[in-house]
Amino acid sequence: SNPANVILSDDIRIIDHIHSPIVQNLKKLHFQIIINLNISEGAFSGASITNLTIPSTIVDLKEGWCKGASQLIKLNISPNNPRYKSINNGGFVVGKSDINSNDYDIFVFCPRDAREIIIPDTIKVISSYSFHKCKQLETVKISKKSQLTTIERRAFSKSSIFSISFPSSLLLVSLSE
């Protein structure tokens, strides 16, 4: 039978496209203390994963890591992680562009079942695929006081946004592949 929950050991170094029938029904994925793990673009594309736990040792989620993770609704970040943190009870994830900074200025992930989101004023970048396949998302609110300057490629691709207003601080919306 296929496992619903998996804990990865510390000898794993790359997660790259989970398409195996063994993990087709995987719902939860937890990492033990893993150093130098690379989560590639689209690693969870097509997987049924709904819950992912990231330990303090994973400090570099690659661009597009959540691309195609259409059922991922809960991303738990270790409170000791120096780069990422969960906000809104494990829903949204923000990150630091500079790991030595105190400022969480990158929007990293939106749960795929979110209906409305308010982007924190401190966010400067909305990362690639952060809202990818958010099929229930209707409204994204960005304050006029927002520091948002960049929306990276495909940040909102295949989502169902009905309403969004951009602040005057926005300088770049990347449309390139």
Side-chain angles (χ1 to χ4, degrees), residues 1-9 12-32 34 36-55 57-78 81 83-95 97 106-117 119 123 125-140 148 150-164 172-177:
S1 70
N2 290 342
N5 301 304
V6 171
I7 297 175
L8 294 180
S9 68
I12 302 292
R13 292 292 173 252
I14 296 174
I15 295 180
D16 186 20
H17 295 87
I18 297 179
H19 291 298
S20 166
I22 295 170
V23 294
Q24 183 177 2
N25 296 320
L26 179 66
K27 299 293 181 196
K28 293 183 181 182
L29 182 60
H30 301 275
F31 297 98
Q32 288 183 349
I34 297 175
N36 298 324
L37 176 70
N38 180 359
I39 301 179
S40 300
E41 180 177 330
F44 303 108
S45 184
S48 299
I49 192 164
T50 59
N51 189 316
L52 179 63
T53 300
I54 304 286
T57 55
I58 296 178
V59 294
D60 191 16
L61 298 172
K62 298 297 181 189
E63 179 182 353
W65 70 272
C66 60
K67 174 184 174 184
S70 61
Q71 296 182 44
L72 186 55
I73 56 173
K74 183 118 175 144
L75 188 58
N76 303 296
I77 307 291
S78 165
N81 191 298
R83 172 152 294 174
Y84 302 106
K85 79 173 180 177
S86 299
I87 56 174
N88 201 19
N89 294 323
F92 311 108
V93 174
V94 293
S97 57
I106 301 173
F107 191 92
V108 176
F109 175 78
C110 178
R112 300 320 191 214
D113 64 346
R115 294 187 179 279
E116 178 179 285
I117 179 169
I119 302 290
I123 296 299
V125 176
I126 296 177
S127 64
S128 295
Y129 299 100
S130 53
F131 292 89
H132 184 67
K133 291 192 175 182
C134 287
K135 300 284 187 183
Q136 299 175 45
L137 185 63
E138 295 178 2
T139 306
V140 176
L148 183 66
T150 305
I151 298 175
E152 293 181 344
R153 73 183 182 106
R154 298 187 165 234
F156 295 99
S157 66
K158 298 185 181 180
S159 65
S160 58
I161 297 173
F162 179 75
S163 173
I164 187 170
L172 175 67
V173 178
S174 179
L175 300 175
S176 65
E177 292 298 314

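Keep in mind that this is a model prediction, so the values were computed, not measured. Keep in mind that the numbers below use all heavy atoms, side chains included, and drop hydrogens, waters and symmetry copies.
- I126 and S130 make their closest contact through CG2-OG, 3.2 Å (heavy atoms, listed as atom of the first residue, atom of the second, distance).
- The two residues K133 and S70 make their nearest non-hydrogen contact at CD-CB, 3.6 Å.
- Across all their heavy atoms, S127 and A155 have their closest contact at O-CB, 3.6 Å.
- The aromatic rings of F131 and F156 lie parallel to each other, with less than 30° between the two planes, well short of the 60° mark.
- Side-chain atoms of L61 and F109, non-hydrogen and from C-beta on, never get closer than 4.5 Å to each other.
- C66 is listed as a side-chain neighbour of R112, based on a closest heavy-atom distance under 4.5 Å.
- Side-chain contact between R154 and S128: absent, with no pair of heavy atoms (C-beta onward) separated by less than 4.5 Å.
- No donor-acceptor pair closer than 3.5 Å links the side chain of N76 to the backbone N or O of N51.
- With rounding to the nearest 0.5 Å, the separation of NE2 in H132 from NZ in K158 is 5.0 Å.
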query: Under the side-chain contact (heavy atoms from CB on, under 4.5 Å) criterion, do V94 and K85 qualify, and how do the steps go?
result: CA-CA 6 Å; V94 293; K85 79 173 180 177; 3.7 Å; yes
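- Of all heavy-atom pairs spanning W65 and L75, the tightest one is CH2-CD2, 3.5 Å.
- Between T50 and K74, every side-chain heavy-atom pair lies at or beyond the 4.5 Å cut-off.
- The nearest pair of heavy atoms linking G95 to V108 is N-CG2, 3.6 Å.
- Rounding to the nearest 0.5 Å places CD of E138 at 6.5 Å from OG of S160.
- The line from CD1 of I73 to SG of C110 is 11.5 Å long, rounded to the nearest 0.5 Å.
- Exactly one residue among I151, L148, V93, I117 makes a side chain to side chain contact (heavy atoms under 4.5 Å, CB included) with F107. That residue is I117.
- Here the shortest heavy-atom pairing between R153 and E63 reads NE-OE2, 2.7 Å.
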